[in-house]
Amino acid sequence: MNYQFLNHIASPDDVKKLNIEQLGVLCDELRDCILETVSQNGGHLASNLGSVELTVALHKVFDSPTDSIVFDVGHQCYPHKLLTGRFNSFNTLRKPDGISGFVRPEESEHDTLISGHSSTSISSAEGFSIANELLGLKGYSIAVIGDGALTGGMAYEAIINARKKDKHLIVILNDNKMSISKSRSALAKHLSTIRTRKKYHKFKMGVEKFLVKIPLIGHSLRSFVFKVKNMLKNSIYDSNIFEALGFYYMGPIDGHNLTTLIDMLEIAKDENRPVLLHIKTQKGKGFALAENDPNVYHGVSNFDKALGVDSPKADSFSAVFGRKICEIAERDNTVCAITAAMPDGTGLKEFSARFKNRFFDVGIAEQHAVTFSAALAKKGLKPVFAVYSTFLQRAYDQIIHDAAIEGLPLTLAVDRAGFVGEDGETHQGLFDVAFLSSIPGVKIFAPSNYDELEKMLEIRLSDPKGVAAIRYPRGKQAENCHDTHYIGQEFNICGDGNSAIVCYGSLFDTVLAAAKELESVGRSIAVVKLNEITELSDNLINSLLEYERIFFFEEAVFKGSVSEALGCLLLCNGFNGEYYPHAVNGFVKQNTANNQRREFGLDLDSILTEINEVI
């Protein structure tokens with residue numbers, strides 16, 4: 001792709017050389033490049049299109065990497081990548097060995113800390129700012145956080161802990177959805193306009209300097225004047241939480257007006273105290289389809305730019321879960337559904353429409369979601385918290401402290417369990433088995449197909465006791481999947497032989513296919529499919545003691561895994577055969593889910609190779 005300016009941007013220094021008209025052209029080029037690449041590779045689209053002018057202004061005003069720019073989550077970091085030397089590699093976005101869809105310090109000195117989960121940017125920026133102060137280093141710390149990420153409690157923990165003396169901390173609230181500081185009147189709107197003009201701030205700072213220079217009474221007079229000013233301002237405006245917590249609030253301003261953005265960022269640099277700059281932007285800016293439906297175009301697979309993205313596929317584990325919980329809730333008015341800002345992704349869109357008083361979207365607040373759900377359960381309701389595996393990690397303490405200790409009947413619908421593909425290390429669902437199975441009394445169900453998911457949810461909600469998780473993968477069930485006629489049994493055994501393969505969940509059909517291929521060459525091997533993967537029973541252990549060799553293939557981290565626990569139990573019960581556990585070690589980089597299984601030896605060919613080498 002050939003562009004007038006973008007092709008020649010090798011670093012933020014090149015952005016600084018452009019005038020305001022040229023920067024406007026650069027913004028258009030950034031949008032075109034992002035749209036072209038995401039339509040081919042998939043990725044986060046609407047949020048990146050909305051943050052173009054902001055990112056250009058940031059690199060025009062600040063000096064990265066001396067100044068640390070921290071993007072919350074990283075859903076809006078594509079313009080930043082293009083302006084920091086990654087234009088020529090941008091076509092590898094989210095591809096194997098390509099650049100990440102999130103911020104990655106290993107890619108560039110202009111990326112600060114790794115990102116992928118929300119509400120962390122202000123804490124990071126605050127840490128960078130304090131570190132600079134302690135080490136005597138120059139530089140501003142800028143957190144770029146969206147209004148969605150601001151629903152996460154960690155953001156407020158950081159805001160509360162920011163120090164008024166921190167002269168170089170700037171928080172930019174990229175508001176593309178909700179209104180935080182609402183004006184009451186025409187006068188307030190007029191004053192907002194005045195307050196976002198550069199001349200106003202220069203005049204204000206000049207007055208402050210003049211007052212301070214007055215002998216003996218200067219500092220006291222300055223303090224008195226600005227207390228009066230704030231009293232008048234607060235009588236016209238709604239109270240502002242950020243100023244109450246020690247930030248100097250600026251805005252709201254048009255986040256697509258480059259001149260205003262640049263002026264306000266320059267002013268924020270001169271304030272010498274923590275600043276919160278509130279900008280208002282439009283998700284999907286410049287691409288009509290994304291402007292009209294930003295939720296659909298938040299995260300997308302590859303698509304035709306002219307036709308738009310395909311309608312969400314009805315055939316997936318998430319969709320089946322969503323339909324089934326609606327069916328159960330229709331006849332059981334104690335069933336409630338909770339999500340942490342993911343109603344569409346977790347399949348709860350229909351539930352939210354049909355059972356509005358029993359549906360709760362708590363925002364990006366997984367910790368709150370678990371404790372809130374535990375309280376619902378305490379009162380006799382049947383809460384189901386639908387959450388991606390990678391985000392459930394954020395609520396580990398609440399599961400233990402607020403639900404498991406009391407044995408409250410909380411159900412966790414753990415979506416995107418296992419490999420999830422191109423989002424990379426921060427999003428793989430590989431840790432939930434280890435951390436959930438370490439909690440006493442927690443039961444984990446592992447369906448391998450839609451029918452099992454429906455039956456497990458039905459059985460669980462018919463008489464819930466204690467904390468239970470039903471974990472299922474992203475996407476579809478296997479084609480021609482095997483029916484195990486699940487009716488609540490802990491495990492199934494398919495076939496016979498002197499050796500056995502143990503597995504659970506989405507790997508079952510792959511393992512079964514491997515067993516059939518082995519049988520076709522005269523090597524009979526049994527497949528033991530676990531339906532419940534915690535509190536492994538004596539019945540299971542006694543059944544496995546009969547085999548000479550046991551292989552265990554598991555799409556989860558090995559430390560704390562079911563295969564590790566089973567190995568200990570077999571050893572303690574006198575197993576004299578050979579045991580070969582195979583799980584995931586290390587963090588999993590971006591790739592397709594199928595390639596990730598191949599890389600970690602969990603695809604059909606790898607399973608056959610390992611078993612044949614042993615036998």
Side-chain angles (χ1 to χ4, degrees), residues 316-396 398-400 402-404 406-417 429 432 436 439 441-447 450-474 488 505 531-532 534:
S316 70
F317 278 94
S318 303
V320 170
F321 161 76
R323 290 196 295 268
K324 186 62 180 180
I325 193 173
C326 283
E327 178 190 316
I328 297 171
E330 187 70 52
R331 60 178 185 269
D332 185 346
N333 61 13
T334 65
V335 172
C336 302
I338 300 92
T339 182
M342 301 293 286
D344 293 351
T346 57
L348 288 176
K349 187 174 183 178
E350 181 184 353
F351 191 103
S352 68
R354 291 177 57 186
F355 309 101
K356 293 182 180 179
N357 65 325
R358 288 187 273 150
F359 171 74
F360 307 95
D361 184 348
V362 301
I364 303 175
E366 293 83 4
Q367 294 169 297
H368 166 67
V370 168
T371 302
F372 170 74
S373 299
L376 295 179
K378 183 79 172 183
K379 282 290 188 178
L381 295 170
K382 297 176 181 177
V384 179
F385 175 32
V387 58
Y388 289 6
S389 170
T390 184
F391 301 133
L392 184 61
Q393 295 164 189
R394 301 164 71 106
Y396 182 52
Q398 284 68 27
I399 296 170
I400 295 173
D402 300 327
E406 286 197 59
L408 297 176
L410 166 63
T411 302
L412 303 169
V414 185
D415 202 333
R416 270 64 166 180
D432 59 272
L436 287 174
I439 305 172
V442 173
K443 180 179 288 189
I444 307 176
F445 296 89
Y450 299 158
D451 184 65
E452 288 182 353
L453 171 57
E454 291 183 316
K455 289 176 179 174
M456 287 176 179
L457 190 61
E458 182 86 48
I459 290 170
R460 163 63 183 174
L461 292 180
S462 65
D463 185 25
K465 291 183 174 65
V467 178
I470 304 174
R471 70 185 305 270
Y472 43 91
R474 179 182 188 180
N531 299 314
E532 299 174 15
T534 47

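Here, residue 1 is the first one in the sequence, and each next residue gets the next number. We use all heavy atoms of the structure for the numbers below, so side chains are in, but hydrogens, waters and symmetry mates are not. What you see is a predicted model; the values in this text were computed from it and never measured.
With a 6.0 Å radius and a threshold of 12 heavy atoms from other residues, nucleotides or ligands, Lys378 has its NZ atom at or below the threshold.
Contact between Ser462 and Pro464 at its shortest, heavy atoms only, is C-CD, 3.9 Å. Residues Glu452 and Asn531 approach most closely at OE2-OD1, 4.2 Å, considering heavy atoms. Taking all atoms of both residues into account, the shortest heavy-atom contact from Asp432 to Ser389 is OD1-OG, 2.7 Å. Smallest separation of non-hydrogen atoms from Arg471 and Gly429: NH2-O, 3.4 Å. Of all heavy-atom pairs spanning Asp332 and Lys382, the tightest one is OD2-NZ, 2.8 Å.
Looking at heavy atoms from C-beta onward, Ile439 lies out of side-chain contact with Val467 at the 4.5 angstrom threshold.
For Phe359 and Phe355, the distance between ring centers is not under 6.0 angstrom.
Within the structure, every pair that satisfies the side-chain hydrogen bond (donor to acceptor under 3.5 Å, both in side chains) test and touches residues 359-374, not counting sequence neighbours, is listed here: Glu366-Arg394, Thr371-Asp402. For residues 408-417, the pairs satisfying side-chain hydrogen bond (donor to acceptor under 3.5 Å, both in side chains) are Ser318-Asp415, Ser318-Arg416, Tyr388-Arg416, Thr411-Arg460, with sequence neighbours left out.
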Begin from the C-alpha positions of Phe321 and Val384 and carry the test side chain to side chain contact (heavy atoms under 4.5 Å, CB included) through to its verdict. CA-CA 11 Å; Phe321 161 76; Val384 179; 4.0 Å; yes
Worked verdict on Lys324 versus Leu453 for side chain to side chain contact (heavy atoms under 4.5 Å, CB included): CA-CA 9 Å; Lys324 186 62 180 180; Leu453 171 57; over 6 Å; no
Please lay out, stage by stage, how Leu412 and Val442 fare under the test side chain to side chain contact (heavy atoms under 4.5 Å, CB included). CA-CA 10 Å; Leu412 303 169; Val442 173; over 6 Å; no
Quick one, Met342 with Val387, criterion side chain to side chain contact (heavy atoms under 4.5 Å, CB included). Give me CA distance, side-chain angles, the key distance, then yes/no. CA-CA 8 Å; Met342 301 293 286; Val387 58; over 6 Å; no
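No donor-acceptor pair under 3.5 Å is formed between the side chain of Arg354 and the backbone N or O of Ala329.
Here the NZ-CG distance, from Lys349 to Asp344, works out to 5.0 Å after rounding to the nearest 0.5 Å. Atoms CD and CD1, from Glu532 and Ile470 in turn, are 10.5 Å apart once rounded to the nearest 0.5 Å. Between the CD1 atom in Ile325 and the CG atom in Leu461 there is a gap of 6.5 Å [rounded to 0.5 Å]. Here CG of Leu381 is found 4.5 Å from SG of Cys336. Values are rounded to the nearest 0.5 Å. Taking CG from Leu436 and CG from Leu392, the interatomic distance works out to 5.5 Å, rounded to the nearest 0.5 Å. Taking CD1 of Ile338 as the reference point, atom CG of Leu410 lies at 7.5 Å (rounded to 0.5 Å).
Ring planes of Phe317 and Tyr472: parallel class, angle under 30° (limits at 30 and 60°).
Taking the charged nitrogens against the carboxylate oxygens, Glu454 and Arg323 have no contact shorter than 4.0 Å, which rules out a salt bridge.
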